[in-house]
Amino acid sequence: MDGQFLINGQWLNHERERTDVKNPATGEVVGSVPNGTKSDVNDAVEAARKAFPEWSKRSVYERAALLEKLYAKMLEKKDELARLMTLEMGKPLAESEGEVEYAANFVKWFAEEGKRAYGRIIPSHDTNKRLHVIKQPVGVVAAITPWNFPAAMITRKLAPALVAGCTFVLKPPTATPLTALRLLELCQEVGIPDGVVNAVTGSGKDLGESLATHPHVDKITFTGSTEVGRTLMAQGAETIKAMSLELGGHAPILVFDDCDLDLAVAETIKSKFRNGGQTCVCGNRIYVSDSIYDAFVEKLGQETAKLKTGNGLDNDTKIGPMINKSGYDKVKKHVDDATSAGARIVTGGTGQTDEDQDVYYYEATVLADVTPQMLIMNEETFGPVAPVQRVSSDEEAVHYANQTPFGLASYVFTNNYARAFRAIENLDYGIVGWNDGVPSAAQAPFGGMKQSGVGREGGSEGLEAYLETKYVSIGGLDQ
Ligand SMILES: O=CCCC(=O)O
């Protein structure tokens, strides 16, 4: 697929140099996209700015109706989108299908929720006055999205922005732009007007800076690393950009001794190995109560050993390729560091690479006898490795869980509500899965504390993120 920019309803390439999009499972080129420049970003932002007055003045019912059509269209094209996603990103086809549904759910849910962007009337202190609050769209939104969820991380931003009345400029990921561009074609097909949705492909660093410093961009919404989030925040400071940032995680999984062991293992596997471990909310470190530690490690090892690594297009694949060499190198570094310091490989522990083709696989791995000093317990791995550390109390587990500058997702397994609530209330995390390894849902707020981000996506908070609050004080009523 030869991707192009989408600016004001036109697909263009401006004869820019192109970057190949490769299948990480095979190294084969599956498409290419033009490398956009600052002037392309400017054209896209100005198109969005021009489209804003008309789009924002439409009734929310009209905007929602178009999103309902987009939802239906995405489901109609589920197989095609899922295949494209697996080709450029590598995740198993069943997971890609799941992601298309997840992505479509954001569109459906925000089409409904947009109609509830209520203002309010505040009782006045003065009989001469009335105090009203109204909600209005933020304006032109620039979205910079990651490669690990090529569709859902777009619709989680696009759907609330559009239904709120904002217009949109997308900078899709360099590794996986094709699903994004197909999604925008679907926006056109269902009748979303020219200029409301625009896209420029190319280098994240250059285009990100152009967007974050552009005076006609009102808001930046970004999902990606904390490092890049920090840069965007600094670049946006000059124009005091509104920002929603969904950044890195280092999710702890706390397994208490009264838990349902089978459930804890099954949900840990979902949390840890979903998307091959390349998810910001993937469990990254596991703290298990002393008395069930051996049983948990044994069962986790047995179940993990069943996860087959391979090309995502093969039916039995559960773990696809790593997205690139640096992803693979980090996983290997974490495993090597842990084993050299005394960690035991329960299952997995090896990679398979073809450097000529730029193809990198790493087996689903469980490490036992892990200690707090090991690198893997202190950095996000973003790969299929589950390190397990023994702890002697719930308090100790919570203590280790909070020993990090990150605070996105955490997980706790226990059947005792009091132990659960004590842990939940003490965990410095934006999301807690209690006996649940996959808490994400379109209707629920997703986001992090500390250096894991600013703001929430999904849920009513995710709509609020695209609305300005305007307070109107009305006087002269006693005359
Ligand atoms: O990696 C980020 C998003 C994952 C999710 O929505 O569950």
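Note that the coordinates shown come from a computational prediction; the quantities given were computed from them, not determined experimentally.
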| request: Measure across Arg230 and Gln451 and return the closest heavy-atom pair with its distance rounded to 0.1 Å. | output: NH2-OE1, 2.8 Å
| So, are Glu209 and Lys205 salt-bridged, with charged N and O less than 4.0 Å apart? | no
| said: Taking the side chain as everything from C-beta on, heavy atoms only, tell me whether Thr221 gets closer than 4.5 Å to Arg156. | reply: no
| said: Less than 4.5 Å apart, side chain to side chain, heavy atoms only: is that true for Ile286 and Leu300? | reply: yes
| Which atom names give the shortest non-hydrogen contact between Leu408 and Gly249, and what distance separates them? | CB-CA, 4.1 Å
| query | Any donor-acceptor pair under 3.5 Å linking the side chain of Glu461 with the backbone of Gly455? | reply | no
| Residue pair Ala180 / Pro172: nearest heavy atoms and the distance that separates them | CB-CB, 3.6 Å
| Mind checking whether His214 and His216 have parallel, tilted or perpendicular rings, split at 30° and 60°? | tilted
| said: Could you check whether Glu46 pairs with Arg49 (Lys NZ or Arg NE/NH1/NH2 to Asp/Glu carboxylate O, under 4.0 Å)? | reply: no
| request: For the pair Glu101 and Lys78, find out whether any cationic side-chain nitrogen is under 4.0 Å from an anionic carboxylate oxygen. | output: yes
| field | Distance-only donor-acceptor check, side chains Asn42 and Ser39, under 3.5 Å | value | no
| CG-CG distance between Asp316 and Asn311, expressed to the nearest 0.5 angstrom | 10.5 Å
| query | What are the two closest heavy atoms between Leu463 and Ala117, and how far apart are they? | reply | CD2-CB, 4.2 Å
| query | Side chains of Ser410 and Leu254: closer than 4.5 Å at any heavy-atom pair? | reply | no
| said: I'd like to know whether Ser203 forms a side-chain contact (heavy atoms from CB on, under 4.5 Å) with Asn35, so could you lay out the CA-CA distance, the side-chain angles of the two residues, the decisive distance to 0.1 Å, and finally the verdict. | reply: CA-CA 7 Å; Ser203 141; Asn35 300 334; over 6 Å; no
| CH2 of Trp11 to CG of Leu184: how many Å apart, nearest 0.5 Å? | 5.0 Å
| Between Tyr102 and Phe149, what is the ring plane arrangement, given parallel below 30°, perpendicular above 60°, and tilted in between? | perpendicular
| task | May I ask you to decide if Gly3's main-chain N or O and Arg18's side chain share a donor-acceptor pair within less than 3.5 Å? | result | yes
| field | N-O pairing of Lys108 and Glu68 below 4.0 Å | value | yes
| request: Just jot down the side-chain hydrogen bond (donor to acceptor under 3.5 Å, both in side chains) partners of Glu88, sequence neighbours excluded, or say none. | output: Thr179
| Under 6.0 Å from the six-membered ring centre of Tyr400 and within 45° of its axis: does the NZ or CZ of Arg285 meet both? | no
| Quick one: does Thr279's side chain have a donor or acceptor within less than 3.5 Å of a partner on Cys282's backbone? | no
| said: Check whether Lys272 reaches the backbone of Pro384 with its side chain - one donor and one acceptor, N or O, closer than 3.5 Å. | reply: no
| query | Between the side chain of Ser452 and the main-chain N/O of Gly248, is any donor-acceptor distance below 3.5 Å? | reply | yes
| Can you find a pair of side-chain heavy atoms, one from Thr223 and one from Thr145, that are under 4.5 Å apart? | no
| task | Could you check if a side-chain atom of Leu181 sits within less than 4.5 angstrom of a side-chain atom of Leu6, using non-hydrogen atoms only? | result | no
| query | Using 4.0 Å as the upper bound for N to carboxylate O, is an ion pair formed by Glu457 and Lys157? | reply | yes
| field | Ser225 side chain vs Val228 backbone, donor-acceptor pair below 3.5 Å | value | yes
| message | Any salt bridge linking Asp206 with Lys171? Criterion: basic side-chain nitrogen under 4.0 Å from a carboxylate oxygen. | response | no
| query | Salt-bridged, Lys69 to Glu189, with N to O below 4.0 Å? | reply | no
| task | Using atom types as modelled and distance alone, determine if a side-chain donor or acceptor of Thr414 lies under 3.5 Å from a backbone N or O of Asn416. | result | yes
| field | Smallest separation among heavy atoms of Ala397 and Phe256, with atom names | value | CB-CE2, 4.2 Å
| Val45 backbone acceptor or donor facing Asn198 side chain under 3.5 Å | no
| field | Criterion salt bridge (charged side-chain N to carboxylate O under 4.0 Å, His left out) on Glu380 and Lys330, from CA distance to verdict | value | CA-CA 9 Å; Glu380 186 177 31; Lys330 188 168 194 197; 5.7 Å; no
| message | I'd like to know if the side chain of Tyr118 reaches the main chain of Lys135, judged simply by a donor and an acceptor atom lying under 3.5 Å from each other, with no hydrogens or angles considered. | response | no
| request: Taking the side chain as every heavy atom from C-beta outward, state whether Thr226 and Leu245 have any pair of such atoms under 4.5 Å apart. | output: no
| Val281 and Phe446, any side-chain heavy atoms less than 4.5 Å apart | yes
| said: More than 12 heavy atoms of other residues, nucleotides or ligands under 6.0 Å from CD of Glu227: yes or no? | reply: no
| query | So, does Asn426 use its side chain to make a donor-acceptor pair with the main chain of Asn402 at under 3.5 Å? | reply | no
| said: Distance check, rounded to the nearest 0.5 Å: Glu97 atom CD versus Leu93 atom CG? | reply: 4.5 Å
| How far does CD1 of Ile319 sit from CD of Gln278, to the nearest 0.5 angstrom? | 9.5 Å
| Spacing of CG belonging to Leu81 relative to CZ belonging to Arg182, to within rounding of 0.5 Å | 6.5 Å
